[in-house]
Amino acid sequence: MEEILRINGISKRYDDITVLDHVSLSIKSGEVVVIVGPSGCGKSTLLRCVNSLENIQEGEILLNGESVNPGNKKPAALRQKIGMVFQSYELFPHKTVLQNLTLAPLKVKKTGRKEAEEEGLKLLERVGLLSRKDNYPSQLSGGQKQRVAIMRALMMHPEVLLLDEITAALDPEMVREVLEVVLSLAKEGRTMLIVTHELQFARAVADRMVFIDGGRIVEEGTPEEFFEHPRTERLRKFLHSFSYGE
Ligand code: ADP
Ligand code: MG
């Protein structure tokens, strides 16, 4: 498999607080990497850096060998190749579901309306929400909104999809319907970098697990190694706090 994303020794600081400390990670095309770690360890910051929402003080982030760091000559074009979905579904409240999907392709990609709408309808059908195309976000459940948000990200044809705790704000009964969508994306070979606290799901979807603590990668391995044979005390403690491996 070919490397698609390379995070090369990046550090992120706010004044004198170091949030990411020389983090390096390489992701191959079609690979699903799941990041876990205690609250505040830097997971969201890492994804935000990859998506160029934060500047970094050290290191470099490369997509297909090209730097995506701000300051690069064409970060906007490169940034489009990275899609992100957040914990709180940030759908546009005054746009319908279908308009939410087509907005960026029409405006940013200059896709034709017919083409964008056809693709949007196809994606809505895929997640069972075709009948909701003319609804506004306020008329949807949290799980439905999050499925729309994932499809909206796919509309831009990203090469890498970043998912930051996308089920954390959902009622338990809606978590599964969203995770199933993510599993189907993994099965079709999407490259994804996922932050989640759903460890069972992580184990099922991940090609590789990464544990971050205090802004550093502490442990990395196959799901089997990671969950069955954690090498560090810190990861063992973390897994135990989820009653995992007891
Ligand atoms: P996680 O997603 O793992 O819970 P975050 O990446 O959100 O953690 O945050 C990592 C650390 O960075 C936290 O200690 C947080 O307080 C700090 N942090 C995040 N954003 C800022 C900011 N804008 N200014 C200062 N500190 C911040
Ligand atoms: Mg976070």
Check: [X] side chain, [Y] main-chain N or O, donor-acceptor pair, under 3.5 Å:
X: T191; Y: S29; answer: no
X: R152; Y: E90; answer: yes
X: N100; Y: K95; answer: yes
X: E180; Y: E177; answer: no
X: T167; Y: L170; answer: no
X: K133; Y: L121; answer: no
X: R216; Y: D21; answer: no
X: Q146; Y: F86; answer: yes

Is there a continuous path of hydrophobic side-chain contacts, each under 4.5 Å between heavy atoms, that joins [X] to [Y]?
X: V127; Y: L140; result: yes
X: L239; Y: F242; result: yes
X: V34; Y: L183; result: yes
X: V148; Y: L130; result: yes

Minimum-distance pair of heavy atoms, taken over all atoms of [X] and [Y]:
X: G37; Y: K43; result: O-NZ, 3.0 Å
X: L53; Y: M84; result: CD1-SD, 4.4 Å
X: V68; Y: S52; result: O-OG, 3.0 Å
X: P137; Y: P93; result: CD-O, 3.7 Å
X: I61; Y: C49; result: CD1-O, 3.5 Å
X: D213; Y: P38; result: OD1-CG, 3.3 Å

Over 12 non-hydrogen atoms of neighbours within 6.0 angstrom of NZ in K109: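 Yes, because the 6.0 Å sphere around NZ of K109 holds more than 12 heavy atoms from other groups.
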CD (E2) with more than 12 external heavy atoms under 6.0 Å: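 Not buried by this count: 12 neighbours or fewer within 6.0 Å.
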Within-4.5 Å side-chain heavy-atom neighbours: [X] and [Y]:
X: R231; Y: H229; value: no
X: L5; Y: E159; value: no
X: I150; Y: V178; value: yes
X: S67; Y: L62; value: yes
X: Q87; Y: S44; value: no

Quick one: pull up [atom1] in [X] and [atom2] in [Y] and give me the separation to the nearest 0.5 Å.
X: L124; Y: E117; atom1: CG; atom2: CD; result: 11.0 Å
X: I194; Y: M209; atom1: CD1; atom2: CE; result: 9.5 Å
X: I35; Y: L46; atom1: CD1; atom2: CG; result: 4.5 Å
X: F201; Y: R176; atom1: CZ; atom2: CZ; result: 12.0 Å
X: L129; Y: L101; atom1: CG; atom2: CG; result: 9.5 Å
X: E219; Y: T232; atom1: CD; atom2: OG1; result: 4.0 Å

Any donor-acceptor N or O pair under 3.5 Å, side chains E3, S26: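 Judged by distance alone, the side chains do pair up.
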Working for side chain to side chain contact (heavy atoms under 4.5 Å, CB included), residues K145 and M174: CA-CA 11 Å; K145 277 189 266 198; M174 290 168 190; over 6 Å; no
For K28, all residues meeting side chain to side chain contact (heavy atoms under 4.5 Å, CB included), sequence neighbours excluded: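 Testing K28 for side chain to side chain contact (heavy atoms under 4.5 Å, CB included), a comparison that skips the adjacent residues, returns M1, E31.
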Side chain to side chain contact (heavy atoms under 4.5 Å, CB included) between L63 and V50, worked out: CA-CA 9 Å; L63 184 70; V50 171; over 6 Å; no
What I want to find out is whether [X] reaches [Y] closely enough, with some N-O distance under 4.0 Å, to be called a salt bridge.
X: R13; Y: E58; value: yes
X: E118; Y: K114; value: yes
X: R236; Y: E233; value: yes

ring-ring contact (aromatic ring centres under 6.0 Å, His included) pairs, two or more places apart, involving residues 202-225: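 Pairs touching residues 202-225 that pass the test: F211-F238.
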Step-by-step side chain to side chain contact (heavy atoms under 4.5 Å, CB included) determination, L179 to V175: CA-CA 6 Å; L179 295 183; V175 170; 3.5 Å; yes
Matching residue for H157 among Q80, K81, E119 - test: side chain to side chain donor-acceptor pair (under 3.5 Å):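 Only one option passes, and that is E119.
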Trace of the side chain to side chain contact (heavy atoms under 4.5 Å, CB included) decision for L154 with L185: CA-CA 10 Å; L154 293 189; L185 297 180; 3.8 Å; yes
Among L25, V218, V36, the one residue meeting side-chain contact (heavy atoms from CB on, under 4.5 Å) with V210: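 So, applying the side-chain contact (heavy atoms from CB on, under 4.5 Å) to V210 and each of L25, V218, V36, only L25 qualifies.
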